[in-house]
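The structure displayed is predicted, hence computed values, not measured ones. Chain letters run A, B, ... following the sequence lines, proteins first, then strands; residues in each count from 1.
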Amino acid sequence: MGAGRFCGVHRMSTMFLRTLRDDPADAEVPSHRLLVRAGYIRRAAPGGFSWLPLGYEVFRNVERIVREEMNAAGFQEVHFPALVPKEPYEATNRYEEYGPNVFRVEDRHGAHFLLAPTHEELFTLTVKDLYSSYRDLPLIIYQIQTKFRDEARPRAGLLRTREFLMKDSYSFDVDDAGLQASYDAHRVAYIKLFERMGLPFVIVAATSGAMGGSASEEFLAPLDVGEDTFIRCTSCDYAANVEAVSTPVPDAIPFDDLPPAVVHHTPKTPTIATLVDYVNADPDTRHPERDWTAEDTLKNVVVKLKHPDGTVEPLAVGVEGHRDVDMKRLEAQFAPAEVVPFSDEDFAQHTTLKKGYIGPGVLGSENASGIRYLLDPRIVDGTTWITGADEYDHHVLQLVAGRDFTADGTIEAAEVLDGDICPSCGGTVEIARGIEIGHIFQLGRKYAEALGLTVRDENDQPITPTMGSYGVGVSRCLAAIAEATHDEHGLCWPREIAPADVHIVVAGKDGGPQGPVAETVATELEAAGVRVVLDDRQKTSPGVKFKDAELIGIPTIVVVGRGIADEANPVIEVKDRKTGGREDIAVDALVDHIVARCR
RNA sequence: CGGGGUGUAGCGCAGCUUGGUAGCGCGCCACGUUCGGGACGUGGAGGCCGGGAGUUCAAAUCUCCCCACCCCGACCA
């Protein structure tokens with residue numbers, strides 16, 4: 001057989017590959033840095049990457065795992081166009097709601113298209129085209145396809161791009177029980193799929209954002225580089241994205257015996273910190289037994305809600321003074337509306353609002369400002385607060401909720417803090433960051449209704465199916481795996497993801513006996529079904545080859561070196577990339593040994 | 001879109017304050033020596049100094065405008 005140029009063994013001497021000695025300057029997070037350094041990907045556009053041979057192997061492996069698990073779950077693969085007409089998206093109002101995040105294109109006739117950010121509409125319309133009976137349902141179909149989003153800020157290499165590979169599936173059921181079953185089937189399939197990828201993950205309660213619908217959970221890889229913040233309970237299994245956290249509501253407190261509210265002159269106290277310092281220092285306001293803290297204050301933040309139809313509505317939110325208003329959480333409550341800050345010009349128009357001294361006295365649709373006022377759920381009747389008196393340099397103490405003020409409702413928008421109370425068991429929660437690798441939604445009938453999808457039931461009456469949609473970020477998973485598995489030497493792939501099973505290093509003089517032995521070993525391994533990368537580069541020192549092998553991160557490294565010179569017992573070194581453990585294996589036993597490792 | 005930073009050889013960077021013939025390391029090419037942990041010597045190739053305008057006898061360097069990229073915030077698989 002010999003060293004045929006085009007046999008299945010991947011040869012470093014001819015592979016389209018250049019590893020970099022230095023970290024690329026524009027890469028910050030480990031996955032980005034290492035994937036570029038190891039020659040897997042190259043940046044080709046803002047938020048767009050080219051896949052080089054090693055990278056594309058890995059890319060296909062991740063895709064294959066997703067496909068196999070979808071098929072194993074009994075879902076059917078389809079493939080829709082990425083370039084789609086805008087009309088279906090107008091019917092569901094998402095052409096508007098997605099706003100600047102969609103790439104819009106025009107054809108030569110001036111017709112409008114978009115590069116699909118997700119495909120609910122097209123799937124729904126196709127089911128409408130073909131199906132008309134309840135007997136056709138349930139149906140679950142999926143695709144693995146490039147998605148486009150005009151991200152304001154692509155970042156962190158593959159973690160946030162404008163073009164990415166996503167698996168998206170859609171379920172159609174006649175009733176809620178069916179939807180629940182389709183949802184559960186995805187949940188189970190996703191658990192298998194992420195376990196198989198070797199990716200640590202947590203499942204958290206989530207909000208559905210622009211997608212619409214009710215129940216939704218996210219699969220997060222718990223890594224600090226992630227952009228999502230979630231909480232998990234330290235004593236039970238509750239976990240939630242901070243956007244979806246529900247705050248346990250304390251019992252109301254009787255307030256009949258509480259002292260009346262008093263307004264105090266508190267000069268130069270426009271912030272919580274200056275206010276707390278002031279009331280602790282002034283004998284008139286000092287607490288008899290302890291120091292006041294930010295937790296004793298009620299902070300009122302005014303923002304504007306910008307609705308997709310262009311209307312703008314001011315909104316006031318009251319939270320405990322030691323917490324900020326979490327704009328992400330707030331926005332999640334009002335999606336698809338956008339939350340924008342209240343500017344100085346806005347303050348100028350709303351003269352009842354005294355910036356830095358805003359209190360419940362003027363807030364609320366019934367009060368002077370007429371601005372809708374929503375409170376954090378912890379601010380129950382009977383709680384006592386220090387808060388703004390709606391007059392510059394004045395605050396009010398002993399202001400009691402339910403007695404001295406009420407709001408238009410409650411809102412989940414306060415910043416979630418480490419040590420908060422678990423809504424499920426009453427324990428304490430901790431905060432962590434994660435990469436969103438999957439998201440499952442129960443959409444309900446929003447899309448079917450908007451697009452007129454109905455089927456006939458057993459009484460020949462039209463019914464509207466209920467839908468779910470389920471996504472896995474395939475290219476993002478690849479980056480998440482790199483994040484979760486790399487070490488200081490380089491990438492370190494799980495075997496099923498890795499671009500090959502073994503990386504054979506020829507460590508000897510050019511023209512020495514190691515070359516032919518490595519060739520033979522490579523050929524035999526290949527024949528035994530092992531995926532092989534062979535570093536047969538000439539004029540390359542062993543040190544460079546070792547470093548590259550570790551950088552590239554194939555799970556088993558085989559070193560054909562001086563060990564084969566021992567005529568009585570020639571050996572080849574086998575090194576585990578992850579553990580660093582090495583052992584010498586007799587040349588004759590090598591293939592069997594490697595095959596056993598790769599199982 | 002707001003704030004911060006960076007654009008000089010394929011990659012990583014110096015030079016800019018104080019204007020005067022474009023530099024270093026790695027990589028690349030040739031020859032030789034090396035050959036188990038990013039070897040060494042000798043000799044080479046490679047640059048519209050992000051773009052445009054201006055100031056000046058003279059601009060990588062000073063001024064203005066623009067662009068791109070990275071990071072932090074506002075959005076999402």
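Taking atom P on both nucleotides, B:C29 is separated from B:U18 by 44 Å, rounded to a whole Å. Distance check on atom C1': B:G15 versus B:C57 gives 23 Å, rounded to whole Å. Rounded to whole Å, the separation between the C1' atoms of B:C13 and B:C67 comes to 23 Å. A distance of about 38 Å separates the P atoms of B:G20 and B:A30, rounded to the whole Å. Going from the P atom of B:A59 to that of B:U17 covers 14 Å, rounded to whole Å. For the P atoms, the distance from B:A39 to B:G23 is 28 Å, rounded to whole Å. For the C1' atoms, the distance linking B:U34 with B:G7 amounts to 40 Å, nearest Å. As rounded to the nearest Å, B:A9 and B:C66 have C1' atoms that lie 25 Å from one another.
Using a 4.0 Å heavy-atom distance criterion, A:P117 is classed as making no nucleic acid contact. A:A156 comes within 4.0 angstrom of sugar-phosphate atoms only, judged by non-hydrogen atoms across all strands, and of no base. Residue contacts for A:D548: at a heavy-atom cut-off of 4.0 Å it reaches a base atom on one of the strands shown. Looking at heavy-atom distances under 4.0 Å, A:R162 makes no contact with the nucleic acid at all. At the heavy-atom level, A:I437 lies under 4.0 Å from the strands shown only through sugar-phosphate atoms. A:G471 comes within 4.0 angstrom of nothing in the nucleic acid, heavy atoms only. Residue A:T161 is in base contact, counting any heavy-atom pair closer than 4.0 Å across all strands shown.
Residue order along RNA chain B, read from the 5' end via each residue's closest nucleotide, puts A:K547 first among A:K547 and A:R160.
Stacking is not found between A:F546 and the pyrimidine-like six-membered ring of the B:G38 base under the 5.5 Å centre-distance and 30° plane-angle cut-offs.
In this entry the distance linking CG of A:D26 with C1' of B:U6 reads 11 Å, nearest Å. For the pair A:R21 CZ and B:G25 C1', the interatomic distance rounds to 9 Å; values are reported in whole Å. Atom-to-atom, CD1 of A:I481 to C1' of B:A77 comes out at 14 Å; the value is rounded to the nearest Å. For A:E163 and B:A77, the CD to P distance is 17 Å, given to the nearest whole Å. Spacing between atom CZ of A:F103 and atom P of B:C76 amounts to 16 Å, rounded to whole angstrom units. Separating the CZ atom of A:F164 from the P atom of B:C76 is a distance of 12 Å, rounded to the nearest angstrom.
Salt-bridge formation is not detected for the pair A:K192/A:E68: no Lys NZ or Arg NE/NH1/NH2 atom is positioned less than 4.0 Å from an Asp or Glu carboxylate oxygen. A salt bridge links A:R11 to A:E519: one of the charged nitrogens lies within less than 4.0 Å of a carboxylate oxygen. Between A:D487 and A:K578, no side-chain nitrogen of the basic residue sits less than 4.0 Å from a carboxylate oxygen of the acidic one, so the salt-bridge criterion is not met.
Of the residues listed (A:V506, A:I504, A:I572, A:L590), the one engaging A:V517 in a side chain to side chain contact (heavy atoms under 4.5 Å, CB included) is A:I572, and it is the only one.
Distance from the side chain of A:R149 is smallest for B:A77 among the nucleotides B:G38, B:A77, B:C69. Comparing B:C70, B:A77, B:A39 by their nearest atom to the side chain of A:E28 picks out B:C70. Between B:G36, B:C76, B:A77, one nucleotide has an atom nearer to the side chain of A:P542 than all others, and that is B:G36.
For B:C76, neither phosphate oxygen OP1 nor OP2 lies less than 4.0 angstrom from any side-chain nitrogen or oxygen of A:R155.
Evaluation of atom-type donor-acceptor distances gives no pair under 3.5 Å for the side chain of A:R37 against the base of B:G27. Contact of A:R582 with B:G37 (side chain to base): a donor-acceptor pair of N or O atoms is detected under 3.5 Å.
Between A:Y190 and A:F219, the ring centre distance stays below 6.0 Å. Within the 6.0 Å centre-distance limit, the rings of A:F49 and A:H32 are counted as a close aromatic pair. A distance of 6.0 Å or more separates the ring centres of A:Y170 and A:H119.
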